[in-house]
Enquirer: 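Input: one structure, supplied below.
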2 protein chains.
Amino acid sequence: MPATRERIIRAASRLMQRQGYDGTGIKQISQEARATLGSVYHFFPGGKQELALAAISRGDQEFVEVLRAGLAGDPDPARAVVVLTRNLVESLRASDWVDGCPITTTALGTVGRLPDIQSAAADAFARWRGIVFDRLLESGVGESDARDLAHTVISTLEGAELAAQVSRSSRPLEVAGQHLSRLIASYR
Amino acid sequence: MPATRERIIRAASRLMQRQGYDGTGIKQISQEARATLGSVYHFFPGGKQELALAAISRGDQEFVEVLRAGLAGDPDPARAVVVLTRNLVESLRASDWVDGCPITTTALGTVGRLPDIQSAAADAFARWRGIVFDRLLESGVGESDARDLAHTVISTLEGAELAAQVSRSSRPLEVAGQHLSRLIASYR
DNA sequence: GTATCAGTAGAGCGTTCTTTTCAGCCTGGA
DNA sequence: TCCAGGCTGAAAAGAACGCTCTACTGATAC
């Protein structure tokens with residue numbers, strides 16, 4: 001059994017991923033983490049906001065791993081992106097279409113209201129784009145093209161995952177994979 | 001001054017667009033709409049869920065108009081999609097990046113929890129894809145390609161709008177417009 | 001043995017939430 | 001002129017919210 005603080009972060013991350021910031025109560029987090037309210041406030045004296053920041057940071061790391069693993073799935077980035085979308089479909093289906101992007105729901109529900117959370121999410125997005133950018137660069141794509149492509153790869157993955165969740169279908173992600181592949185290939 | 005029911009729908013739609021389902025209180029809706037709680041429950045005896053369904057339906061219609069207007073902005077669909085993203089950037093910037101897709105925040109925060117809302121959102125997404133599909137079809141794109149492209153156009157727009165909001169930047173949407181344009185052009 | 005301190009436990013604060021209730025106010029038709 | 005019914009206004013019930021507080025446990029340091 002992991003340490004208390006770790007369990008709290010995991011619970012906060014998972015619950016906010018599914019239900020967003022306002023939809024997740026601290027009491028619910030403490031129950032899911034098998035910790036008491038006292039423990040939660042001991043480790044996170046900043047309250048719900050600090051909890052959300054920790055959850056986003058954790059979600060950020062998780063998606064970095066998913067991204068790296070997927071993009072390493074094929075030497076050709078145009079094919080690797082298809083591997084990536086397939087992986088996303090798999091884990092999405094495994095959770096009955098509930099566990100989408102680890103930070104989108106939290107970030108979207110607090111846009112314009114909680115600047116700290118928003119900027120943490122913006123940093124995460126930038127980091128993910130950086131990973132795609134690096135991968136494209138090392139495959140010979142020009143710097144400017146790679147930067148733009150990184151934007152669209154992340155945006156499209158986000159949107160397709162969202163659409164897949166809402167419609168409970170793998171179709172949006174599969175099609176997105178094919179089209180991103182075609183788009184990347186057109187720059188080589 | 002519009003009728004009470006209309007004001008309530010508008011307020012619910014706008015507030016849920018920004019704050020999501022859980023982040024929006026019925027009291028807040030009634031205040032924003034300049035109606036009393038009694039009026040809200042008179043017109044929407046189904047409570048918050050019925051309110052959310054009405055808000056999604058309204059948001060659906062709004063985005064249909066945005067989509068039609070944008071796609072009619074150029075005879076070539078590959079260029080029309082750029083007009084569309086430009087329009088989205090404009091209205092996003094005008095709201096200081098808080099008014100994104102009218103239904104995404106509501107839908108995402110309730111996925112797997114409130115099936116009625118989720119399926120209403122799924123219907124809206126399908127309708128939007130239908131509009132893009134029709135536009136591509138009449139421009140000579142093959143039926144199968146048009147169907148797939150419609151998926152990716154909507155997914156990418158959603159994701160790019162989301163990314164633009166989170167990072168308070170027009171860049172994701174602008175780049176998405178360029179890439180979608182290139183992708184569509186490659187099918188003609 | 002005792003002092004110290006991180007961590008656990010949960011009662012309870014004030015506030016806000018959704019929902020219900022119901023008496024009154026208008027207003028259009030008889 | 002009257003009245004029925006659509007609509008409004010205010011209040012409150014009951015639950016849930018974020019957060020604070022004090023008391024307790026157990027391990028380590030001296």
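Chain naming here is simple, since letters A, B, ... match the order of the sequence lines and numbering starts at 1 in each. In what follows, every heavy atom counts, from backbone to side chain, and hydrogens, waters and symmetry copies are set aside.
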Enquirer: Determine yes or no for a side-chain-to-main-chain donor-acceptor pair under 3.5 angstrom, with A:Q118 supplying the side chain and B:Q165 the backbone.
Expert: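 Such a contact is found between A:Q118 side chain and B:Q165 backbone.
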Enquirer: Answer yes when A:R10 and A:E6 have at least one side-chain N-carboxylate O distance shorter than 4.0 Å, and no when they do not.
Expert: yes
Enquirer: Report each atom pair, protein N/O against N/O of nucleotides 7-10 of chain D, whose distance is under 3.5 angstrom.
Expert:
from  : atom 1 : to    : atom 2 : distance (Å)
D:dC7 : OP2    : B:H42 : NE2    : 3.3
D:dT8 : OP1    : B:T4  : OG1    : 2.4
D:dT8 : OP2    : B:S39 : OG     : 3.0
D:dT8 : O5'    : B:S39 : OG     : 3.4
D:dG9 : N7     : B:T36 : OG1    : 3.4

Enquirer: Report all side-chain donor-acceptor pairs from residues 35-42 of chain A shorter than 3.5 Å, counting only partners two or more places apart or in another chain.
Expert:
from  : atom 1 : to    : atom 2 : distance (Å)
A:T36 : OG1    : A:S39 : N      : 3.4
A:T36 : OG1    : A:S39 : OG     : 3.2

Enquirer: Testing the basics here: between B:V141 and B:A146, what is the closest heavy-atom pair and its distance to 0.1 Å?
Expert: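 That closest heavy-atom pairing would be CG1-N, 3.7 Å.
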Enquirer: Does B:R14 CZ have over 12 foreign heavy atoms under 6.0 Å away?
Expert: no
Enquirer: For A:W128, which of A:I154, A:V153, A:D123, A:V66 qualifies under side chain to side chain contact (heavy atoms under 4.5 Å, CB included)?
Expert: A:I154
Enquirer: Identify the 5'-most and 3'-most nucleotides of DNA chain C with at least one atom closer than 4.0 Å to a non-hydrogen atom of chain B.
Expert: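 Nucleotide range with atoms under 4.0 Å of chain B: C:dT18 to C:dT20.
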Enquirer: Minimum heavy-atom separation for A:R129 and A:A150, please, with both atom names.
Expert: O-CB, 3.4 Å
Enquirer: Can you list, in residue-number order, the parts of residues 107-118 of chain B that come under 4.0 Å of DNA chain C, counting heavy atoms only?
Expert: none
Enquirer: With heavy atoms under 4.0 Å as the rule, sort A:T24 into base, sugar-phosphate or nothing.
Expert: sugar-phosphate
Enquirer: How far apart are the closest heavy atoms of A:R79 and A:S181, and which atoms are they?
Expert: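 Between these two residues, the closest heavy atoms are N-OG, 4.3 Å.
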Enquirer: Which residues pass the side-chain hydrogen bond (donor to acceptor under 3.5 Å, both in side chains) test with A:E158, not counting sequence neighbours?
Expert: A:T104
Enquirer: Does the Lys NZ or Arg CZ of A:R182 fall within the cation-pi geometry relative to B:Y187 - under 6.0 Å from the ring centre and within 45° of the axis?
Expert: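 Satisfied, under 6.0 Å and within 45°.
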Enquirer: Check the pair A:S139, A:R135 against side-chain hydrogen bond (donor to acceptor under 3.5 Å, both in side chains), reporting the backbone distance first and the verdict last.
Expert: CA-CA 7 Å; A:S139 295; A:R135 182 70 185 79; 2.8 Å; yes
Enquirer: Check each residue of residues 44-51 of chain A for a non-hydrogen atom within less than 4.0 Å of any atom in DNA chain D, then write out the ones that pass by number, or none.
Expert: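 Listed by number, they are A:G47, A:K48.
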Enquirer: Is there a donor-acceptor contact under 3.5 Å from the side chain of B:R7 to the main chain of B:A33?
Expert: yes
